[in-house]
Amino acid sequence: MNFSESFKLSGLLCRFSPDGKYLASCVQYRLVVRDVTTLQILQLYTCLDQIQHIEWSADSLFILCAMYRRGIVQVWSLEQPEWHCKIDEGSAGLVASCWSPDGRHILNTTEFHLRITVWSLCTKSVSYIKYPKACQQGLTFTRDGRYLALAERRDCRDYVSIFVCSDWQLLRHFDTDTQDLTGIEWAPNGCVLAAWDTCLEYKVLLYSLDGRLLSAYCAYEWSLGIKSVAWSPSSQFLAIGSYDGKVRLLNHVTWKMITEFGHPAAINNPKTVVYKEAEKISQLGLGHLSFPPLRAMAGALSTSESKYNVPNAVWIWDIQKLKLFVVLEHMSPVRSFQWDPRQPRLAICTGGSKVYLWSPAGCVSVQVPGEGDFPVLGLCWHLSGDSLALLGKDHFCLCFLETKERGTAYGQRDGMPRT
């Protein structure tokens, strides 16, 4: 495992391009685009104000920079550096900006969610979508980029509108049986739309593309309900995280619950592996996790229970076997974790100067080198899974992991990392 030098950063704004060739980062009002291989600066753009949001187009040819305080979006071209575009929402203000899947339209949400403005970079035309709902997750595109679903609020009722992205024409419009619609999300296959209610009302609704209600699910009543919702990549499961501390899985055939995963205060199953972070001083200055042999751990767990603070723990379940696989207990609350896009490997940060990596083969923590303290507040994987951007408050660096051809990034099974 190797680390690059650190570079300046503002607002945790650091993103790999979708094709994996470029790395964009922001320093106040400047946008820096680097070559991923050499980390040399390819382009340096100057915006009109401090950048608050950046996003690559799907084809990696354009990148937008949003300055919400000024109500302005600036778009830059990687192929033609001299070309640029400025979108000014004026007195309407700006609270959100994103690309359409084709990478040629920008959707801006005005202040107070009065409307969404669709700007075309090709024809310079403008379209307006009224009544967008101010909710946690009110806009979602299908994976193939053909349709947009939008949560709306009209006459004190919740609705969902489905638009065709090729011409932004309305395809379907239907009301939802919700008190206060909080979020919507397409299944990865684009066949089913999940909509969920406020945390005061436990309700998940599943709709088809033509607006038919396929099923409704409620786990319990008279208590805080849904906290988060996520589809499995295969679209076969819908995971619902609830305020009762459980994750429930619905299957895509009957939309009934097939299992629920709890987060108990103690683990007493001898077959469950628990990794616990421990301080250790070594000559290399590298922190690591303790790794007792599986048999020894099973024996220890059979006679005692492992207790830990839930915000410090990451739970990993085996979906094929529908059971808890491993628990990672850290000394500090977890700030962020991200799956490797290529293999079952998880990167974790806790706001300290270490990065944690887990795979079925083992787990390790590594001190981020450099002068002074480097608190890692965010993570961003390269699409190849060979490198990882570590984001701090004022700086970022890249962590390069060894590939299978060169060896494993975990070193020996005793948990000591390679460098």
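Each residue takes its place number in the sequence, starting with 1.
With a 6.0 Å radius and a threshold of 12 heavy atoms from other residues, nucleotides or ligands, Tyr29 has its OH atom at or below the threshold. For Phe337, the CZ atom is loosely surrounded, since the number of other residues' heavy atoms within 6.0 Å does not exceed 12.
If you look at Trp83 and Phe62, their ring centroids are closer than 6.0 Å.
For Asp318 (side chain) and Lys321 (main-chain N/O), a donor-acceptor pair under 3.5 Å exists by modelled atom type. Although no hydrogens or angles enter the test, the distance criterion places a donor-acceptor pair under 3.5 Å between the side chain of Thr182 and the main chain of Thr198. Looking only at distances, no side-chain donor or acceptor of Ser57 sits under 3.5 Å from a matching main-chain atom of Gly103. Between the side chain of Ser10 and the main chain of Gln28, a donor-acceptor pair closer than 3.5 Å is present. Counting only distance, with no hydrogens or angles, the side chain of Asp59 and the backbone of Asp102 share no donor-acceptor pair below 3.5 Å. Counting only distance, with no hydrogens or angles, the side chain of Trp56 and the backbone of Arg15 share a donor-acceptor pair below 3.5 Å. Side chain of Ser365 to backbone of Lys354: no donor-acceptor contact under 3.5 angstrom is found. At least one donor-acceptor pair under 3.5 Å links the side chain of Trp231 to the backbone N or O of Glu185. A donor-acceptor pair under 3.5 Å links the side-chain atoms of Glu55 to the main chain of Trp99, judged by distance alone. In terms of modelled atom types and a separation under 3.5 Å, the side chain of Arg342 and the main chain of Leu383 share a donor-acceptor contact.
One side chain, Gln367 or Ser353, offers a donor N or O that lies under 3.5 Å from an acceptor on the other. Between the side chains of Ser242 and Arg248, at least one donor N or O sits under 3.5 Å from an acceptor N or O. A donor and an acceptor atom, one from each side chain of Gln40 and Thr38, are nowhere located under 3.5 Å apart. Using modelled atom types, one finds no donor on one side chain facing an acceptor on the other under 3.5 Å when comparing Tyr45 with Gln74.
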Can you check side chain to side chain contact (heavy atoms under 4.5 Å, CB included) on Leu401 and Asp340, steps first, answer last?
-> CA-CA 11 Å; Leu401 285 75; Asp340 184 328; 5.8 Å; no
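Side-chain contact between Cys47 and Met67 is present, with heavy atoms from C-beta onward closer than 4.5 Å. At a threshold of 4.5 Å between non-hydrogen side-chain atoms, the residues Met257 and Leu249 do not count as touching. At least one side-chain heavy atom of Leu200 sits under 4.5 Å from a side-chain heavy atom of Leu224. Annotation: side chain of His395 is not in contact with side chain of Leu9 (no heavy-atom distance under 4.5 Å).
With values rounded to the nearest 0.5 angstrom, Trp168 atom CH2 is found 4.5 Å from Ser100 atom OG.
The nearest pair of heavy atoms linking Leu379 to Ala347 is CD1-O, 3.2 Å. Residues Glu152 and Ser161 come closest through the heavy atom pair OE2-OG, 2.9 Å. Summarising the geometry of Cys65 relative to Ile54, their closest heavy-atom pair is SG-CG2, 4.0 Å, with the distance given to 0.1 Å. Nearest heavy-atom pair across Met1 and Phe3 is SD-CZ, 4.0 Å. Closest heavy-atom contact between Arg34 and Phe396: NE-CZ, 4.2 Å.
Ring-plane geometry between Trp317 and Trp315 is classed as parallel, the angle between the planes falling under 30 degrees on a 0 to 90 degree scale with a further cut at 60. Relative ring orientation between Tyr147 and Trp186 is described as tilted, the plane-to-plane angle lying within the 30° to 60° band.
Salt-bridge annotation for Lys8 and Asp394: absent, with no side-chain N of the basic residue lying under 4.0 Å from a carboxylate O of the acidic one.
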